[in-house]
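Comments concern the structure below.
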Amino acid sequence: MVESRIVIPVVVGSNPIIHPIFPIPEAWAQDFFYDSPVPQTLQAADDGMKLLEVNAAYVEYLGYPREQLIGRDPIEFHAPGDEPFIRGERVRHLDETLKGKADRTGLQGVLKGRCLRDSQGREKHYVLAYRWFKAAGGQEIVHVSIFDNTLEVWAQRMLEQQVEQQNRSFDQAPVGMLLLDAKGKVSRVNQVLLRQLGCNSAELVGREDPFTAMGDDETKAILERHWARVANTDKLVQARIRIAATNGRVYWFDLHSRSINDTSSAAGSITSAVNVTGEHVLAGELRKLVLQQSALLRNAGAGIAYVGDDRLLRVNPVFAQMIGGAGASKTEGVLTGKLVDEVLRLDPDWRLVHAQAINVLKQDAVFHAQVMLQLEGRSALPCQLGIQYLDSNQPQMGFILSLVDLSPSLEHRQTRAALERSEDVLQQLGDSVDDAVLVVDRGLTRLAYGNPAFEEHFGLSLEQLASDPRLLLSCMPAAQGSELLNALAVVRRNRVQACELQIKRKGQDGYRLLRVRLSVLKNSDDQVLLVCEDITELRESEQRRQLEAMQQRERLIREVHHRIKNNLQGVAGLLQQVARSRPEIGSTLEDSANQIYAIAQVHGLQVKDSDDVLPSKLLEGLCEVIRRGLPSSLTLSLHLEPSLQHQQTCRISEAEAVPLALVLNELLGNAVRHTVQDHPHEIRVDLAWADQGTCLITLSNPGSMPAQFDFPKVPLSATGLGLVKAMLPRKGVDLSFRNHEDQVRVCLVLSPPVLKSVT
């Protein structure tokens, strides 16, 4: 075999000098070194491990040209902090490992470094495999092969981060978390579950799962089936169990379990435990309530039906019997789901009766009417029909419909007794509403009925109110008490009287606002039904909305004022510049600029002066501005009432000065635009004062308004009367338009809070 010699080119000046290292077969050099896909180097063991030769794979691995690699120590391509570690590993592997060997040719080992950085600064993790040679000239050579494991390192890091994140999620979960191994023993538990069970971690880890240990026989059977299902599927498995904790209390938990394999591939399961004790107890109470209501419905002597969306949702046997005749109780299921007007053939018609009842039902009352129930093959049956909402706050839940037979017979007397029982049922339903309900006499001397919600609203017990109904007045200011007594006295039958009262609950600070609706009971002219609804939060919400609307209006006023002022000043400045450059028209342009500056000063009142504005001064300034632009045929006169007292004590508030200036400016301009200018005419402005600081501003100009003109219907806009309507303050201003003989008169009345007294 032909042998080749690995040579090291050493550059002296521009000529390489070839030095032989050791003889190797040429085929080996080409196939296993130069053409190898594995990065390889030859390094001088006795000269600081400098690179003597590199293959193409190594050049590609680091991304540097071969000329920049030869003669350098590879440690230069590591991070600076890695140098001590790399040098220590070299000593241990290349010196200590091979020390004392007489012939070290062919000895090899593996060196795990940190990471290289290529020409792009990217980290390259690797494992080194090296062999030691001795060249023919005695030079010690190390042949190094580099195996990249960057992906393996990064994968290990990502796995460690994932495990750390899972551990944090387990420990910080808001519900109880439990980890079981393949033998069903506790391997991990979070603090939430420990607190719920009243245990510590040492008591549970390594032992049987706590749910099995704390449960009764039924719970153990449920858990046995649960864990079997978890072991046989990779899906989420759920179960509800009952356990007795160490503190003696009984809890209900919803378990959600799934089989898992941890990082060591050991089988097990993870479980979240949600404490649903309150929900379970509430569901039980709800079932009891449903059973009780069903018993009341079936045992009632009157025909009763639940109605929703005009359909029968449920009927009792008496109702079915009244509709279908004797032995018709089996038709209860047949009636369910049918429209009421398909089942009830009444005289008057059901639609008319229902339409009459709607207005009453909206007032939280019970509607009663005497009707004739038309029955197929039988004579009509006189009945008393009753309708009441299930919940007056949620009409969409439907209503209760009752039918009581009024025929003069033993059956009628039995039905009457059933009606009384039905009224008891309706009263029970009334007791469940959130509004306070009272039945008192007009003089507030007797209490006939009060529901439990009364005590919550008024802070008085029903026993106290029954002994002295006038204690109700002690919960409110004297004026409010007088208003309530007056409402009790004037309320009439078939009318609903409403008032709002401030109530101070016993033992609490501040007042609550109640809307009280009063109506006279049908069977007694002296008994009045009071339904008291707490509207404190509703009224506060309305006040907040009004405040937000006022604040937005103020922002609009400031923005409009600021933009108009800036724009007008900019236009005036441009006119003055042109006037200086065009002397022939300078006088005219200066006059125009002065007019625009005058208008800008009106809009800039709030910017330059934060004081309140005198109405007379505001009108004088506006009239002066308007006069500058009037045609020669029109005159504008201002007439001020000589009342020094009002002039000095009543001023336009700071917040409303600019809006009123905009309103008056637009009204004056409107009067000029709509006055015929081909003949001399006068536009007149009058300022007068009334009692209690009321100011009247009247604008008169020749002309007339269209008969169909209606200022309240004028849409809001940024110009004309739309701007006037938008800028008018919400309170303290009244604006009217009318024709007077051959003139149009606009009256603007200002009063507090737009006008304010200044001492």
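Just so you know, these numbers use all the heavy atoms, side chains as well, and skip hydrogens, waters and symmetry mates.
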>> I'd like to know if the side chain of D349 and the backbone of R351 have a donor-acceptor N/O pair within less than 3.5 Å.
In response: yes
> Just by modelled atom types, is the G443 backbone N or O under 3.5 Å from a matching donor or acceptor in the R470 side chain?
Replying inline: yes
>> Listing request: all side-chain hydrogen bond (donor to acceptor under 3.5 Å, both in side chains) pairs with a residue in residues 726-740, at least two apart in sequence or in separate chains.
In response: none
> Charged N to carboxylate O under 4.0 angstrom, R627 versus E624?
Replying inline: yes
>> Using modelled atom types and a 3.5 Å cut-off, is there a donor and acceptor pairing between side-chain atoms of N451 and backbone atoms of V437?
In response: yes
> For the residue pair H354 and F399, is the inter-centroid distance of their aromatic rings smaller than 6.0 Å?
Replying inline: yes
> Is there a side chain to side chain contact (heavy atoms under 4.5 Å, CB included) between S474 and L472 once you walk through the steps?
Replying inline: CA-CA 5 Å; S474 66; L472 189 65; over 6 Å; no
>> Quick check for you: to the nearest 0.5 Å, what is the distance between H368 atom NE2 and L521 atom CG?
In response: 9.5 Å
>> Nearest 0.5 angstrom please: I535 CD1 to E540 CD, how far?
In response: 10.5 Å
> Hey, are S653 and E656 close enough side-chain-wise for a donor-acceptor pair under 3.5 Å?
Replying inline: no
>> So, taking the atom named NZ in K713 and the one named NZ in K725, what distance separates them when rounded to the nearest 0.5 Å?
In response: 10.5 Å
>> The test is side chain to side chain contact (heavy atoms under 4.5 Å, CB included); show your working for F458 and L471 and say whether it passes.
In response: CA-CA 10 Å; F458 288 84; L471 285 175; over 6 Å; no
> Are the side chains of V371 and W350 in touch, meaning some heavy atoms are under 4.5 Å apart?
Replying inline: no
> Can you tell me how far OG of S402 sits from CD1 of I387, rounded to the nearest 0.5 angstrom?
Replying inline: 8.5 Å
>> Between R442 and V491 (side chain of the first, backbone of the second, donor and acceptor by atom type, cut-off under 3.5 Å), is there such a pair?
In response: yes
> Without hydrogens or angle criteria, can the side chains of S637 and E682 be said to hold a donor-acceptor pair below 3.5 Å?
Replying inline: yes
> Excluding sequence neighbours, so at least two apart, what forms side chain to side chain donor-acceptor pair (under 3.5 Å) with H674?
Replying inline: N670
>> Can you confirm whether more than 12 heavy atoms, excluding those of Q370, are under 6.0 Å from its CD atom?
In response: no
> Are any non-hydrogen side-chain atoms of L667 and L735 less than 4.5 angstrom apart?
Replying inline: yes
> Counting N and O atoms only, with roles assigned by atom type, does the side chain of Q464 sit under 3.5 Å from a partner on the main chain of S461, one being a donor and the other an acceptor?
Replying inline: yes
>> Please determine whether side chain to side chain contact (heavy atoms under 4.5 Å, CB included) holds for the pair F367 and L401, giving the CA-CA distance in whole Å, both sets of side-chain angles, and the decisive distance to 0.1 Å.
In response: CA-CA 10 Å; F367 176 80; L401 186 151; over 6 Å; no
> How far apart are the C-alpha atoms of L484 and L530, what are their side-chain angles, what is the distance that settles it, and do they pass the side chain to side chain contact (heavy atoms under 4.5 Å, CB included) test?
Replying inline: CA-CA 10 Å; L484 176 60; L530 283 73; 4.1 Å; yes
>> Closer than 3.5 angstrom, by distance alone: can the side chain of N486 be matched with the main-chain N or O of S482 as a donor-acceptor pair?
In response: no
>> Quick check on M705: does its CE atom have over 12 non-hydrogen neighbours (other residues, nucleotides or ligands) under 6.0 Å away?
In response: yes
> Checking S541 side chain against E537 main chain: does a donor-acceptor pair fall under 3.5 Å?
Replying inline: no
> With side chains defined as the heavy atoms from C-beta onward, is the minimum distance between V531 and V516 less than 4.5 Å?
Replying inline: no
>> Tell me whether D526 is salt-bridged to R446, with the criterion being a basic N under 4.0 Å from an acidic carboxylate O.
In response: yes
> What distance separates C475 SG from Y511 OH, expressed to the nearest 0.5 Å?
Replying inline: 10.0 Å
> Do the non-hydrogen side-chain atoms of D441 and Q527 ever get within less than 4.5 Å of each other?
Replying inline: no
> Knowing that exactly one of D686, V749, L664 qualifies, which makes a side chain to side chain contact (heavy atoms under 4.5 Å, CB included) with I697?
Replying inline: L664
>> Could you check whether any side-chain heavy atom of L668 comes within less than 4.5 Å of a side-chain heavy atom of L699, counting everything from C-beta outward?
In response: yes
> At what distance, to the nearest 0.5 angstrom, does CG of L513 lie from CG of L501?
Replying inline: 8.0 Å
